[in-house]
Amino acid sequence: MDLFAYPVSLVMKFWHWVLGFVVDPDSGAAWVGSVILLVVTVRLILMRSMWRQQYSMRKMAQLAPKMKELQKRYKNDREKLAVETRKLQKQEGFNPLLGCLPMLIQIPVFLGLFHVLRSFNRMGTGMGQLGMSAAETRSQGNYVFSAEQVQNFLDARLFGVPLSSYLVEPATEFQAFVEPGSPIDFTRPQIAFVVIPMMIVASIATHLNSRASVARQPEAALENPQTRMMNNLALYIFPLGILVSGIFFPVAILLYWMSNNVWTYGQQHVVFGRIERREEEEREQQK
C-alpha cells in the first residue's frame with residue numbers, strides 16, 4: 001500500500017505548499033484544494049489514455065460489418081468466434097482493454113489516498129493505524145508530511161467536520177482531531193450531515209457519467225463481451241459500491257470522488273467533441 005501512498009502524499013504536499021501562497025496554509029481550504037488538485041493532476045496524466053480509449057471505441061464501429069460476418073459464420077462455435085474476433089481486432093489496431101486502462105490506473109490512486117487519509121489518525125488498530133494515543137498521533141509525521149502538517153490536517157475542517165473523519169469512526173478516535181484536553185468540536189450527526197449527501201451525489205454522478213460514456217459508444221463496441229462487462233461495472237457496481245461503502249470513507253475521499261466526476265463530465269464533452277471533429281474531417285477528405 002505504501003507504493004501508492006507515497007506518490008499520493010507527495011502530490012498532496014506539493015499542492016498544499018502551492019496553495020499556501022494563495023490561502024492560509026493552516027486553513028481547511030488549503031487541504032481541500034490539495035485533494036481537488038490531486039484529481040486534476042491524475043486526470044491530466046490520463047488525458048492521452050482517455051483520448052486513445054474513446055477513439056479506439058469509435059473505431060470499433062468501422063468493424064461492425066466484419067464482426068457481424070464473423071458472428072454469422074461461427075455462430076455455433078463460440079471458441080472459434082472469440083479467436084477470430086481477437087485476430088480481427090489485432091489486424092485493425094483495436095484494443096478493447098484501452099477502455100479499462102484509465103479506470104484501472106485510478107484504482108491505486110484511490111487506494112493510496114484512502115490509506116494516507118486513514119493514516120493521519122493512527123489511534124485505531126486497523127489498516128495504517130498503530131493504536132497510538134491522541135497526543136502521539138498528533139506529534140508524529142506521516143509519509144512525507146511533518147508532524148506539524150499532520151496536526152494541521154487533523155485540525156482541518158469541511159463544513160465543521162474533520163477531513164479524515166468518517167461516519168462509522170469510533171468515538172474514541174475523535175480526540176485526535178482536537179488539541180489534547182480540548183472538547184470535541186463536532187458530533188457524529190454532523191459527520192452524517194456532510195457525508196450522506198456526498199455519498200448520494202458521488203454515486204449518482206458516477207452512474208450519470210458512465211451512462212453518458214456508454215451512450216456515445218458505437219454499437220459494435222457494445223457487442224464486445226469485455227466492453228459490456230466494464231460498462232456494467234461502471235454503470236451499476238461502482239455507483240452502488242460508493243453508496244454502500246461510503247460510511248467507511250473519510251470526508252476527503254468523497255470530496256475526491258465528487259471532484260473526479262466533475263472533471264469526467266467536462267472531459268467527456270471535450271474529448272468527444274474532438275473525436276467528432278476529427279471524424280468529420282476524415283469524411284470530408286474521403287469525398
Side-chain angles (χ1 to χ4, degrees), residues 1-23 25-50 100-158 162-166 169 173 176-177 202 238 241-242 245-246 248-264:
M1 190 62 69
D2 287 352
L3 179 65
F4 307 140
Y6 272 104
V8 167
S9 57
L10 276 169
V11 174
M12 282 185 64
K13 183 172 183 176
F14 170 76
W15 285 119
H16 181 262
W17 172 75
V18 171
L19 290 170
F21 295 101
V22 182
V23 298
D26 294 332
S27 68
W31 289 108
V32 167
S34 70
V35 172
I36 294 174
L37 288 170
L38 172 64
V39 173
V40 174
T41 303
V42 173
R43 298 308 296 268
L44 284 175
I45 292 172
L46 293 176
M47 180 70 80
R48 182 174 177 82
S49 294
M50 182 171 180
C100 317
L101 186 60
M103 180 176 59
L104 292 177
I105 293 177
Q106 290 184 74
I107 291 175
V109 176
F110 180 86
L111 293 175
L113 179 60
F114 179 81
H115 190 63
V116 168
L117 294 173
R118 287 294 302 276
S119 297
F120 275 107
N121 186 345
R122 288 157 287 181
M123 291 187 67
T125 55
M127 180 180 63
Q129 298 171 310
L130 304 174
M132 296 181 177
S133 67
E136 287 173 333
T137 200
R138 290 177 65 87
S139 62
Q140 297 188 33
N142 174 38
Y143 293 109
V144 300
F145 300 109
S146 65
E148 181 181 2
Q149 289 172 322
V150 168
Q151 181 177 328
N152 182 246
F153 185 88
L154 290 170
D155 292 339
R157 300 289 189 266
L158 178 65
L163 289 175
S164 59
S165 63
Y166 55 101
E169 186 171 20
E173 298 177 20
F177 297 115
F238 291 155
I242 295 169
S245 61
F248 302 102
F249 290 162
V251 172
I253 278 283
L254 294 170
L255 175 66
Y256 172 90
W257 201 260
M258 290 172 62
S259 303
N260 192 56
N261 275 290
V262 171
W263 179 279
T264 300

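What you see below is based on every heavy atom in this structure, not just the backbone, and it leaves out hydrogens, waters and symmetry mates.
Looking at heavy atoms from C-beta onward, P162 lies out of side-chain contact with V251 at the 4.5 angstrom threshold. Looking at heavy atoms from C-beta onward, M12 lies in side-chain contact with L113 at the 4.5 angstrom threshold. Between S164 and F177, the closest side-chain pair of non-hydrogen atoms falls below 4.5 Å. For the pair L44 and W263, the minimum side-chain heavy-atom distance is below 4.5 Å.
Annotation for A30 and L19: closest pair O-CD1, 3.4 Å, computed over non-hydrogen atoms. Taking every heavy atom of both residues into account, S27 and V23 meet most closely at OG-CG2, 4.3 Å. The two atoms that bring V116 and A5 nearest to each other are CG2-O, 3.5 Å, heavy atoms only. Of all the heavy atoms in G112 and F4, the pair that sits closest is CA-CB, 3.8 Å. The shortest non-hydrogen separation linking L117 to A252 is CD1-CB, 3.6 Å. Nearest heavy-atom pair across A176 and T137 is CB-CG2, 3.6 Å.
Take N152 and apply the side chain to side chain contact (heavy atoms under 4.5 Å, CB included) test, not counting sequence neighbours, and it matches H16, D26, W31. For F110, the ring pair (Phe, Tyr, Trp, His ring centres under 6.0 Å) partners two or more places apart in sequence, or in a different chain, are F249, W257. Applying the side chain to side chain contact (heavy atoms under 4.5 Å, CB included) test to V18 and every residue at least two apart in sequence or in another chain returns F14, W15. By the side chain to side chain contact (heavy atoms under 4.5 Å, CB included) test, T264 pairs with R43, N209, N260, Q268, sequence neighbours left out. By the side-chain hydrogen bond (donor to acceptor under 3.5 Å, both in side chains) test, E173 is found to be paired with no residue, residues two or more places apart in sequence or in another chain being considered. Every residue two or more places apart in sequence or in another chain that forms a side chain to side chain contact (heavy atoms under 4.5 Å, CB included) with M258 is listed here: M198, V201, A202.
Distance check, rounded to the nearest 0.5 Å: CD1 of I242 to CG of L254 gives 8.5 Å. The CD1 atom of I36 sits 12.0 Å away from atom OG1 of T41, with the distance rounded to the nearest 0.5 Å. Interatomic distance, CD1 of I253 versus CG of L111, reported as 8.5 Å (0.5 Å rounding).
Sequence neighbours left out, not one pair with a member in residues 7-17 passes salt bridge (charged side-chain N to carboxylate O under 4.0 Å, His left out). The salt bridge (charged side-chain N to carboxylate O under 4.0 Å, His left out) contacts involving residues 141-155 comprise R138-D155, where partners must be two or more places apart or lie in separate chains.
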Where do V8 and F114 land on the side-chain contact (heavy atoms from CB on, under 4.5 Å) test, with the steps shown first? CA-CA 10 Å; V8 167; F114 179 81; over 6 Å; no
Residue pair F120, L163: steps toward the side-chain contact (heavy atoms from CB on, under 4.5 Å) verdict: CA-CA 10 Å; F120 275 107; L163 289 175; over 6 Å; no
List the steps and the verdict of side-chain contact (heavy atoms from CB on, under 4.5 Å) for R118 and F248. CA-CA 10 Å; R118 287 294 302 276; F248 302 102; 5.8 Å; no
May I have the step-by-step check of side-chain contact (heavy atoms from CB on, under 4.5 Å) for V262 and V39, ending in yes or no? CA-CA 10 Å; V262 171; V39 173; over 6 Å; no
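Checking side-chain atoms of S139 against main-chain N and O of E136 turns up a donor-acceptor pair under 3.5 Å. Judged by distance alone, the side chain of R122 and the main-chain N or O of Q140 form a donor-acceptor pair under 3.5 Å.
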